[in-house]
Engineer: 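Right, I'll just put the structure down here and ask away after.
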Amino acid sequence: MEKELDQVRIRKEKVQRLREMGIDPFPYIFFRTHFSEEVKENFDSLEEKEVVVAGRLVSRRLHGKAGFVHIEDDRGRIQIYFKYDTLQDRYALVKLLDLGDFIGVKGKVFRTKTGEVTVWAENVELLSKALHPPPEKYHGLKDIELRYRNRHLDLMANPEVRDRFRMRTRIIQGIREFFVKEGFLEVETPVLQPRYGGAFARPFITHYNALDRDYFLRIANEIYLKRLIIGGFEKVFEMGKMFRNEGLDRFHNPEFTNLEAYQAYADYNVMMELVENLFLYLSKDVLKKDSFTFQGMEIVIKEKWERITYFGALEKYTGIDFYPLDKEETKRKAEELGVDTEGKVTKGKILDAIFDKCVQPDLVQPVFVIDYPVDITPLAKKKRGDDNLVERFEPFMAMTEIGNAYSELNNPEEQKERFLFQQSLREKGDMEATPIDEDFIQAMMYGMPPTGGLGLGVDRVVMLLLDVPSIRDAILFPQLRE
RNA sequence: GGGCCGUUAGCUCAGCAGGUAGAGCACCGGCCUUUUAAGCCGGGAGUCGCAGGUUCGAAUCCUGCACGGCUCACCA
C-alpha cells in the first residue's frame, strides 16, 4: 500500500474513540424487521409503527442536534432522522458515523414535512465501520478501469450496475428453468481436461503436478456431454465457464459462460425450435416484453425465426455463389471483396472471413444461418443429400452470433476421418484445428443415438437482452491485464 | 500486434502560449433540532501514471514504458 490517506487515518481514530465509548465497531449480527422498500411501500400500515432497518450510510445531512441520513440496503434506500432529544447520549455515535458505514436503526415510521417516508431513530447501532471513503456521491464512479478492477466500488456507486447484474442472474436462471422444464438433466463435466475439443480455439494449458502432465482448461464441454448421451441420458445440458486463449474485445472474454444442450433422437431442426422456444420463454418470463433494443436496433422475438443457408446468405450479400468454387477461386473473390485471407488454411476459413465482413452486419432480426461447409465443422453430421455441407446452424441477432448447433455426428468411423482431416490442418499450421480424440471415437463405437446439440454464448445473450455494448459490462469481473 | 485517445486530491474534473497546482463532492474545525447534491464561515489534503530527454525552469514539449478506452487485425 502507498501512503495512508488522511481520511483513512481519521476513520481509524474514530474506531479508537468508538471502542473507548464501549462500542464494538465490528459486531457480529443484527436483526432487521423490514427492507427499505417494504417500509416505503407499506407506509399506510406502518405509519407510527416501529421498524428495524439496516444498511450502508450513503448520504448525510447533519445540522447540530438533529440530522438526516439515507441508508441503502439490497432493495433501495430509506431516510433516517436522528434527533438529539430522542437519542440523548446515543447521539454521540451519530456524530462519529461516516459515509460507507453500515448501521442498524430502530424507530417509528413517519413522513417528513417534505413528504419523504423516514424512520425516526430511537436507537442506532454501528454494524460495521468503513475505513475508506466511498466514491463520489453525485457523479458516481466513472473511471472505467477503476470500475472493472474494483467492481465492488462500481456496484456501490452505480445502482444501475447492480440492477444489470441482477438481471443477468435472472436471465441465467431463466435459461436454466427453461431447460429443466423441457426435461433436460443438468450435469457437470470436467473443466480440467487431458485433451481439448469441441470448438476451434487455443486452450489455456496448466500442469497437473501429481501426474506430471499438462492439462487443459476446457474450451468446450461438447465431447463429455455427448458421452453422456452415449451412456443413455436422452437430454442433458450444462451451463458453465469455458476458457479460450485468445484476445479480448467487446465480444470476447477469455473466460466466458456457455450453455450446451444435447437431445437424443433430435436433429438440428429440433434444436432450432428449442432456441425459438427459449427466447420466447426469456422474453415472456424474464424481459416481460416481446422485443428489445440493442445499440439502437429493435429486435423482435418471434415464434418462428427466418432461416437462410450459409451459401445463400453469402450469395445474397455478395452476389457470388461460392458453393462451386475451389479454394483458390474463393480466395481470389475474397480479395476482390477486400477480405483479408492471410493465414486462412481452408476454403471454409476464407468463407468465414467473407461471412463476417459481408453478411453478419445485415443479420439484425433473429435468424438461423444453416448448412455450413464440412471442413470447418468436424463434429457435425453431413447434410442430407449434400456431402459438402453439414447440418449446422448458428443463431444470429443484432449482428451478433450467439450460438452454434448441429445434427451431431454419431458415426465413429466418419468421426475418425474428420479428426484425421483436422490433424492434417494442424500440420499445415492451423493451431485451432481440433486434435484427434481416440477416447471419444471409442465411446461412439458403442452406439450413439441420433442427437441434436446446441451451444449458446450466455454472456452475449445477456449483452443483447440488456443492451450492454461490451462483454466487460456483462461479466462481473472481466479479464484485465495485471 | 497496428492506429488514435486518455492517465492531475479518495471521487468527478479544470489547468497545457513551459514559470513550480485548482474547483466541486468527500474530509477536519465552528454555527445550525424536518434536511434532500442542506447551508454559512474557516482549514487540511497531490512524487500531476512511471522513466529518461530538451530547458534557467516541465503537469504542460519530445522519447520510451505501464495501464486503460475506442478501432483494425487476430479470435467463433
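Letters go in sequence order (proteins before strands), and every chain restarts at 1.
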Engineer: Do Arg164(A) and Glu160(A) sit within salt-bridge range, that is, some charged N less than 4.0 Å from a carboxylate O?
Structural biologist: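 So Arg164(A) does not pair with Glu160(A) through a salt bridge.
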Engineer: Rounded to the nearest Å, what distance is computed from the CD1 atom of residue Ile350(A) to the P atom of nucleotide C75(B)?
Structural biologist: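 Atom CD1 in Ile350(A) sits about 12 Å away from atom P in C75(B).
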Engineer: Answer with yes or no whether His252(A) presents, from its side chain, a donor or acceptor under 3.5 Å of a partner atom in the base of C75(B).
Structural biologist: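 Such a pair exists between side chain and base.
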Engineer: Just how far, in rounded Å, is P of U33(B) from CG of Leu62(A)?
Structural biologist: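 Leu62(A) atom CG is separated from U33(B) atom P by 12 Å.
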Engineer: What is the nucleic acid contact for Ala157(A), judged by heavy atoms within less than 4.0 Å: base, sugar-phosphate only, or nothing?
Structural biologist: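 Ala157(A): no heavy atom of the nucleic acid under 4.0 Å.
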Engineer: Considering only atom P, compute the distance from G22(B) to G64(B) and round it to an integer number of Å.
Structural biologist: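 Each nucleotide's P atom is 32 Å from the other's.
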Engineer: Under 4.0 Å: is that the gap between some side-chain N or O of Arg60(A) and OP1 or OP2 of C27(B)?
Structural biologist: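 The answer is yes; a side-chain N or O of Arg60(A) sits under 4.0 Å from OP1 or OP2.
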Engineer: Indicate whether OP1 or OP2 belonging to U34(B) is found under 4.0 Å from a side-chain N or O atom of Lys83(A).
Structural biologist: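 Answer is no, no contact under 4.0 Å.
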Engineer: Regarding Gly67(A), tell me which of base, sugar-phosphate or nothing describes its non-hydrogen contacts under 4.0 Å with the strands shown.
Structural biologist: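 Touches nothing.
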Engineer: Using whole Å, what does the distance between atom C1' of nucleotide U34(B) and atom CZ of Phe82(A) come to?
Structural biologist: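 Distance check: Phe82(A) CZ to U34(B) C1' gives 14 Å.
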Engineer: Measure from the side-chain heavy atoms of Asp98(A) and tell me the nearest of C28(B), C11(B), U33(B).
Structural biologist: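 Looking only at heavy atoms from C-beta outward on Asp98(A), the closest nucleotide is C28(B).
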Engineer: U35(B) base to Gln79(A) side chain: any donor-acceptor pair below 3.5 Å?
Structural biologist: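 Such a pair exists between side chain and base.
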Engineer: Quickly work out the Asp85(A) CG to U34(B) C1' distance and round it to whole Å.
Structural biologist: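 Roughly 13 Å, once rounded to whole Å.
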Engineer: Choose from C74(B), U33(B), G44(B) the nucleotide whose nearest atom is closest to any side-chain atom of Asp249(A).
Structural biologist: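 Looking only at side-chain atoms, Asp249(A) lies closest to C74(B).
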Engineer: Separation of Phe355(A) atom CZ from C75(B) atom C1', in whole Å?
Structural biologist: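 For the pair Phe355(A) CZ and C75(B) C1', the rounded distance is 16 Å.
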Engineer: Which nucleotide wins on minimum distance to the side chain of Pro133(A), given the candidates G10(B), U34(B), G69(B)?
Structural biologist: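 Of all the options, the side chain of Pro133(A) is nearest to G10(B).
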Engineer: For a quick check under 3.5 Å, do Ser36(A) and Asp73(A) share a side-chain donor-acceptor pair by atom type?
Structural biologist: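 Checked: Ser36(A)/Asp73(A) side chains pair up, N/O donor to acceptor below 3.5 Å.
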Engineer: What I want to check is whether an N or O donor and acceptor connect the side chain of Gln7(A) with the base of A26(B) at under 3.5 Å.
Structural biologist: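 When only heavy-atom distances are counted, Gln7(A) does reach the base of A26(B) through a donor-acceptor pair under 3.5 Å.
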Engineer: Enter the distance from Arg56(A):CZ to Asp74(A):CG here, rounded to the nearest 0.5 Å.
Structural biologist: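 Separation between the atoms: 11.5 Å.
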Engineer: May I ask you to say what Lys142(A) touches in the nucleic acid, namely base, sugar-phosphate or nothing, with a heavy-atom cut-off under 4.0 Å?
Structural biologist: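 If one applies the 4.0 Å heavy-atom cut-off, Lys142(A) turns out to touch the sugar-phosphate alone, with no base involved.
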Engineer: Of the candidate nucleotides C32(B), C11(B), C75(B), which contains the atom at the shortest distance from the side chain of His63(A)?
Structural biologist: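 Of C32(B), C11(B), C75(B), C32(B) is nearest to the side chain of His63(A).
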Engineer: Looking at Arg202(A) and Glu246(A), is there a salt bridge between them, counting it only when a charged N and a carboxylate O are closer than 4.0 Å?
Structural biologist: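 Salt bridge: no.
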Engineer: Can you tell me if Lys14(A) touches the phosphate of C28(B), counting only side-chain N or O atoms and a distance under 4.0 Å to OP1 or OP2?
Structural biologist: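 Result: yes.
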Engineer: Checking contacts here: which listed nucleotide (U33(B), C11(B), C75(B)) is nearest the side-chain heavy atoms of Pro135(A)?
Structural biologist: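 So the nucleotide nearest the side chain must be C11(B).
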Engineer: Taking only side-chain nitrogens and oxygens of Arg250(A), does any of them come within less than 4.0 Å of OP1 or OP2 of U71(B)?
Structural biologist: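 Answer is yes, contact under 4.0 Å.
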Engineer: Look at Arg472(A) and G68(B) and indicate whether a side-chain polar atom (N or O) is within less than 4.0 Å of OP1 or OP2.
Structural biologist: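 For Arg472(A), the contact criterion (side-chain N or O under 4.0 Å from OP1 or OP2 of G68(B)) is not met.
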Engineer: Which residue is it: Arg472(A), Arg218(A), Lys241(A)? I am looking for the one with a salt bridge (Lys or Arg N to Asp or Glu O under 4.0 Å) to Glu255(A).
Structural biologist: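 Going through Arg472(A), Arg218(A), Lys241(A) one by one, the salt bridge (Lys or Arg N to Asp or Glu O under 4.0 Å) with Glu255(A) is satisfied by Lys241(A) alone.
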Engineer: Between A9(B) and C5(B), how many Å separate the two C1' atoms, rounded to a whole number?
Structural biologist: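 Straight-line distance between the two C1' atoms is 24 Å.
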Engineer: Quick one: NE2 on His70(A) to CZ on Arg77(A), what's the gap to the nearest 0.5 Å?
Structural biologist: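 Those atoms lie 7.5 Å apart.
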Engineer: Might you point out which heavy atoms bring Ala121(A) and Thr86(A) nearest each other, and give the distance in Å?
Structural biologist: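 Between these two residues, the closest heavy atoms are O-CG2, 3.4 Å.
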Engineer: Quickly work out the His139(A) NE2 to A37(B) C1' distance and round it to whole Å.
Structural biologist: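 Distance check: His139(A) NE2 to A37(B) C1' gives 9 Å.
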Engineer: When you check the phosphate oxygens OP1 and OP2 of A38(B), does a side-chain N or O of Lys137(A) lie under 4.0 Å from one of them?
Structural biologist: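 Checking A38(B) against Lys137(A), a side-chain N or O does come within under 4.0 Å of OP1 or OP2.
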Engineer: Near RNA chain B, which residues from residues 395-409 of chain A have a heavy atom under 4.0 Å away?
Structural biologist: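 Within this stretch, Glu401(A), Asn404(A) sit under 4.0 Å of the strand.
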Engineer: Looking only at atom P, what distance separates A38(B) and A26(B), rounded to whole Å?
Structural biologist: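 Taking atom P in both A38(B) and A26(B), they lie 7 Å apart.
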Engineer: Taking C16(B) as the reference, what is the distance to G29(B) when you measure between their P atoms (whole Å, please)?
Structural biologist: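 It works out to 36 Å between them.
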Engineer: Rounded to whole angstrom units, what separation is found between the CZ atom of Arg149(A) and the C1' atom of A66(B)?
Structural biologist: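 Atom CZ in Arg149(A) sits about 10 Å away from atom C1' in A66(B).
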Engineer: Work out how far the P atom of C50(B) is from that of A66(B), and round it to whole angstrom.
Structural biologist: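 The same atom, P, in both gives a distance of 15 Å.
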Engineer: Do His34(A) and Val109(A) make a side-chain contact, defined as non-hydrogen atoms from C-beta onward lying under 4.5 Å apart?
Structural biologist: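 No. Closest side-chain heavy atoms not under 4.5 Å.
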Engineer: If the C1' atom of G39(B) is compared with that of U47(B), how far apart are they to the nearest Å?
Structural biologist: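 After rounding to an integer number of Å, I get 37 Å for this pair.
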Engineer: Under a 4.0 Å N-O cut-off, is there an ion pair linking Asp473(A) with Arg147(A)?
Structural biologist: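 Judged by the 4.0 Å cut-off on N to carboxylate O distance, Asp473(A) and Arg147(A) do form a salt bridge.
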Engineer: Which part of the nucleic acid does Tyr148(A) contact within heavy-atom distance under 4.0 Å: base, sugar-phosphate only, or nothing?
Structural biologist: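 Tyr148(A): backbone/sugar contact only, no base atoms under 4.0 Å.
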Engineer: Taking for each residue the nucleotide of RNA chain B with the nearest heavy atom, is it Lys113(A) or Ala199(A) whose nucleotide lies nearer the 5' end?
Structural biologist: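 Closest to the 5' end, via its nearest nucleotide, is Lys113(A).
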Engineer: Taking the P atom in each of A21(B) and G6(B), what is the distance between them to the nearest angstrom?
Structural biologist: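 To the nearest whole Å, 24 Å.
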Engineer: In whole Å, I'd like the distance from the CZ atom of Arg61(A) to the P atom of U35(B).
Structural biologist: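 Rounded to whole Å, this separation is 10 Å.
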Engineer: Can you give the dot-bracket line for RNA chain B, using ( ) for pairs inside the strand, [ ] for pairs that cross earlier ones, | for pairs with another strand and . for unpaired bases, where Watson-Crick and G-U count if both distances are under 3.5 Å?
Structural biologist: (((((((..((((.....[..)))).(((((.......))))).....(((((..]....))))))))))))....
Engineer: Answer yes when Lys349(A) and Asp352(A) have at least one side-chain N-carboxylate O distance shorter than 4.0 Å, and no when they do not.
Structural biologist: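 No salt bridge links Lys349(A) with Asp352(A).
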Engineer: Considering only the P atoms, how many Å lie between U8(B) and C61(B), rounded to the nearest integer?
Structural biologist: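 Approximately 15 Å lies between the P atom of U8(B) and that of C61(B).
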Engineer: Which sits closer to the 5' end of RNA chain B, Gly247(A) or Ser470(A), going by the nucleotide each is nearest to?
Structural biologist: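 The answer here is Ser470(A).
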Engineer: Nearest to the Glu136(A) side chain among G69(B), G44(B), G24(B), which nucleotide is it?
Structural biologist: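 Nearest listed nucleotide: G24(B).
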Engineer: Any side-chain to backbone donor/acceptor pair from Asp467(A) onto Gln295(A)? Under 3.5 Å, distance only.
Structural biologist: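 Side chain of Asp467(A) to backbone of Gln295(A), a donor-acceptor pair under 3.5 Å: yes, one is there.
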Engineer: Do you see a donor-acceptor pair shorter than 3.5 Å between the side chains of Tyr372(A) and Glu394(A)?
Structural biologist: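 Indeed, the side chains of Tyr372(A) and Glu394(A) share at least one donor-acceptor pair under 3.5 Å.
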Engineer: Return the NZ to OH distance between Lys383(A) and Tyr268(A), rounded to the nearest 0.5 Å.
Structural biologist: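 Separation between the atoms: 3.0 Å.
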